[in-house]
Each structure stands twice: as C-alpha cells, then as structure tokens.
J.: 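One structure, as structure tokens, below. Some questions next.
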There are 2 protein chains.
Amino acid sequence: MSSVAKIENVRTAQPAIKAVPDEPERVGGFRYARPKVAVDIIVFAVSNHRLSCYLIQLKRGPLSSRWAFPGGLVRVGESLDAAARRELASPTGLSDAYIEQLCTFGDPSRDPRSHVVSVAYMALISAPGLVKAPDKYADGKWFEVSNLPPLAYDHALMANYALKRLKAKLAYTNIAYSLLPETFTFAEFEDLYATILGRQPDRRNFRRSIMAMGLLKELPMKRTGRHRPATLFSFATRSPQIIEML
Amino acid sequence: MSSVAKIENVRTAQPAIKAVPDEPERVGGFRYARPKVAVDIIVFAVSNHRLSCYLIQLKRGPLSSRWAFPGGLVRVGESLDAAARRELASPTGLSDAYIEQLCTFGDPSRDPRSHVVSVAYMALISAPGLVKAPDKYADGKWFEVSNLPPLAYDHALMANYALKRLKAKLAYTNIAYSLLPETFTFAEFEDLYATILGRQPDRRNFRRSIMAMGLLKELPMKRTGRHRPATLFSFATRSPQIIEML
DNA sequence: TCAAAAGTGTTGGCATTACACCCATGA
DNA sequence: TCATGGGTGTAATGCCAACACTTTTGA
C-alpha cells in the first residue's frame, strides 16, 4: 500500500484560456457540480525530538490569517501527484521527498467560498530548516504536531488522518528513511520512532529486531562527540518498501 | 483507519443552472484546470466460493462497450461519500452497505474526452443477486475478481488497489460482516477468509482465534442440511472496528 | 575519575503452529 | 451404514518482552 495514481503523462496540448464561472452543468436532467480541484500537502519533519508539520497563514479570502496546510488548485494538464510535488517544492525547494496520497475531502461546504474538492497528500522530509513561505501566503512556519493552532477549512481532519497514517506506516514500511539524513546514529533512528509513536521502545529489543531485518547498513565511520563515539548507519535501501517493522 | 471525509452537510442553496465549458480558469497568471469530479465504486461480493465485483458496460463515448466500474459525476451540493452511496444504490438498491474511500485518480489523460478526477470507493455487500444495471449503462454483471475483462480508463489500477486494500483490511478489521448475511455458519465465515485471502487457514486454529476474540455471537439455532447441523453465528457488532484478526 | 551516551545476552512466558480423530445427520 | 461436512484438544516451538551492567570517550 504505497503511493498510488502514478500515471504522470502530462498533457502538452493547451486549450484556449477562458474564465469559467462556478456554475453547475446540466447533463441528462441532473445538475452536476463543477467543483474546483485542489491538493493540500501535510509536510512532516522531525527535529530535536519533536514531530512537526509546516503550516502557512492564509493571505486572502474569508479565512485570511488562519493557519492551514499549503496547497493549491490543480493546473491544466497536471496530475494530482505532480500538483502535490509542485506545492511541496514551492516552500521547500525539494523535489524528491517521499510523498503519498492520503485521501480526498469533498464536502461541498468545506470551503465557504465555493465547492472545492481537495486531495490531501503527506510528505516526509528530513530538514525542516530550508523552508520559506511563498508569496501567496502571509506567513509560514513549523508547528509541533502536538500543539497545532486552530486550522482553516477541514484541515484538522486532514491532520488527524495524516498522523494516524504516518504512525501506521512507520510500523510496516521503511519510510522512516525520508525523515532522516543520509547517515545517522542508531540512537537518532530509535528516537525517531519514539518521537512519532509517542513511546520509548526497549532499546535492546528494538536494536535487535531492526538489525535482524537488515534494514540498516552499518558504516565504517563513527560520529564522535562529547562521549563514546556512535556507529553511523544508513538505510540499506532508500525507496519505499513494505517491511514488518514492529 | 476507516472511511474518512465524513462531513455530510449537503448544501441546500442551489445556484442558477448554466452550461460550463471545459476550459481552464486564469488566476494569478496560472491556468487552473477545471476537471470534472467523479466517483467510481468497486462493489465486492462473495458467492459460491468466489470473490466477485460488479462491472457495467459503457453505453456512450469513445470507450462504449468497454467494461468499467459504475460511477458518475458528483452533483451540485453533494459530498463525495454521498455521491458514492448514490452510485452504489443505483444498481443495487442498497443504502447501508459498508463503503470506504480508496484513493483518487487524476491523471489528465485518464479519460480521453476530458480531464476527469475520479475518487474511487469500495463497497462490500452480501447478496450479489439483486443487482440490475441502470439505464445509463449498456449492461452490468458480476465478474470473478480473478477473471476480469479488460477495463476502461485506469480502472485496472483501481481494481488492483481495491483488492489489496480489501485483503489488508480483512486481517485487521471486522469488515467481513458486510460480506456475509445476518446469520451464517462458521464454515461460511471461514470460507470467506479463505476465498479472499486465497489460502486455507488451519481450521482448528482459525476457529479458536476468532472465537477467543469475541467477534462472533453463537446463536441458539442450527442450520440443518444433508449432514450434521451447523451452529449459526452472527457478528457481535455490525459496525466497522479495528481488531487484529489474523 | 566522573558523567554521559553506546552497546550488549539470557530467560521465562505466551502465543502460534502443527496435527488427526470422533460426531451428528440425511439419504 | 455410509458419505459428508461439523466440530474439537494437546504438545512443541518460536517469538517477544522484560531485565542491568559494561564500555568508551571527553571534560
């Protein structure tokens, strides 16, 4: 169960531009909605023992100054995955992060202005540093997941769902690789799990089971610090895999 | 991890009706797509030891006479879940089946006529009998999942995804209740698992573990047949629950 | 030499597996 | 009485959880 909707043939033919009113279409006697289609992206990162996600502050509209996940409308000829990657790259500059479709929210009243169907994505990145809010937002910053401000639209639902999914997938996939730098100590790896799952596993058992499944590759270098140097590790493979982890 | 996007406040205010061309909208210098939004629904049922799903035959358009999952455009003021339930009720007459959003497909070229974003749903019903294809389709019938015809659009992707999800959820939820009638014998229950998962569990161990977790309620009646009468069971609770089943 | 983090083995209990025979009925 | 599917118990195994001390370094 990994990212789906992988077809990415972006259409190149470009139809003429024309403004479209937000009106329904009548076909066969029924009035079909013409909702706008957006993607919203929940970007997770871990830093100093805290799971954080990136929020932007809305600039315009009836919800201006409220916090929300970054997102935007799908463009002409663009797939959903491509739109999500674009919305991720816009504040972070990252183009190859782990990204996964979560689910789609389409209540007609979820946006007070018009009917907007939004496809929620989750992205996992390792460095929460580099992020800068694009001009279309009033502001953007990282919030600890355990301490989010009130969110616009139905984004609180998205946040709950994303967190549940992240926790679940941590237990049966190797996606943790996308939250860690290229090399890391075992303690950092373990701390990632403790942080996201909210509990400290038994250190000996955890190390034993992780090492037994060959997830990590021991590197010949050590990280020296104030204390006993720690062996460095990297992931044996940095592509998403289903592995019974816990 | 159950059905999401549960907000169901259907808007009552109804804007004026007007035909909408399939053209992009220009906002802030970018050309935003105005895709149509559809739901497609993968209806599963089990009968005589086979997992089947319901397909319809397209009547119009460039893919006419191809097989596909039933589905249709979202109507004005309608949520995605409501649209999915409507598309399920249309051939089956069922309104309370288990239904769950799967994922959303939005490649701009997935429909040769225009950009259609489709939200895939899965539904589980117990009686594959009652189904009758609505007039908008040329035909409709049940196919064994292991023997599907070529499917229109990207519906083969949907089928794969749905099947994977069904198998996974069978192992950690009680959604099997929606594939069985109100009462059933233990052999029928066991056969459901064997059929969908494609392997025969050890009968004694399977019964022991299922009974130990209190999923089923033993009824005071028996089903008599040609042979030794079998105890009838029903589910202790017929609402979706997370339970480690296997 | 002390503080702080890194690293490591053994055991008991529990849960899962494997396995084969008797039972109740209708024909 | 026989064919057919319904229903059950026990022993062996493997896995997981619990548990505490030694090592290495920098200050």
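Here is how names work: the chains are called A, B, and so on, in the same order as the sequence lines, proteins then strands, and each is numbered from 1. Note that the structure is predicted; figures quoted are calculated from it, not measured.
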J.: Could you tell me how far apart A/Arg204 (CZ) and C/dT11 (P) are, to the nearest whole angstrom?
T.: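 In whole Å, C/dT11 P lies 14 Å from A/Arg204 CZ.
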J.: To the nearest Å, how far apart are B/Phe206 CZ and D/dG6 C1'?
T.: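 In whole Å, D/dG6 C1' lies 16 Å from B/Phe206 CZ.
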J.: Which value, rounded to the nearest 0.5 Å, describes the distance between B/Asp40 atom CG and B/His155 atom NE2?
T.: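 B/Asp40 CG to B/His155 NE2: 3.5 Å, rounded to 0.5 Å.
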J.: Once you round it to whole Å, what is the distance between P of D/dG6 and CD of B/Glu190?
T.: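 Result: 9 Å.
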J.: Please report the distance, rounded to the nearest Å, between CE in B/Met245 and C1' in C/dT16.
T.: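 Going from CE in B/Met245 over to C1' in C/dT16 covers 16 Å.
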J.: Without decimals, in angstroms, what is the distance between A/Phe233 CZ and C/dG7 P?
T.: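 After rounding, the reported distance stands at 6 Å.
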J.: Contact class for B/Thr185 (heavy atom, under 4.0 Å): base, sugar-phosphate, or nothing?
T.: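 No contact.
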J.: Would you say D/dG7 has OP1 or OP2 under 4.0 Å from some side-chain N or O of B/Arg207?
T.: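 It does, given that an N or O in the side chain of B/Arg207 lies less than 4.0 Å from OP1 or OP2 of D/dG7.
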J.: Could you walk me through whether B/Phe233 and B/Phe189 satisfy the ring-ring contact (aromatic ring centres under 6.0 Å, His included) test, starting with their C-alpha distance in whole Å, then the side-chain angles of each, then the deciding distance to 0.1 Å, before giving a yes or no?
T.: CA-CA 9 Å; B/Phe233 293 88; B/Phe189 178 79; 8.4 Å; no
J.: Across the strands shown, which category fits A/Thr231 at heavy-atom distances under 4.0 angstrom: base, sugar-phosphate, nothing?
T.: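 A/Thr231: backbone/sugar contact only, no base atoms under 4.0 Å.
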J.: If the threshold is 4.0 Å, N to carboxylate O, is there a salt bridge linking A/Glu190 and A/Arg204?
T.: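 Salt bridge: no.
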J.: For B/Glu188 and for B/Asp202, locate the closest nucleotide of DNA chain D by heavy-atom distance; then report the residue assigned to the nucleotide nearer the 5' terminus.
T.: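 Closer to the 5' end of DNA chain D: B/Glu188.
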J.: Using heavy atoms to find the nearest nucleotide of DNA chain D for A/Pro229 and A/Arg208 separately, return the residue whose nucleotide is more 5′.
T.: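 Final value for this comparison: A/Arg208.
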J.: Roughly how many Å is it from NE2 in B/His227 to P in C/dA27, rounded to a whole number?
T.: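 Result: 9 Å.
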J.: Begin from the C-alpha positions of B/Phe105 and B/Val119 and carry the test side chain to side chain contact (heavy atoms under 4.5 Å, CB included) through to its verdict.
T.: CA-CA 6 Å; B/Phe105 295 80; B/Val119 185; over 6 Å; no
J.: Whole-Å distance between D/dT1 P and B/Arg228 CZ?
T.: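 The answer, rounded to whole Å, is 21 Å.
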J.: In whole Å, what is the span from the CZ atom of A/Arg226 to the P atom of D/dA27?
T.: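 Checked: the CZ to P distance equals 8 Å.
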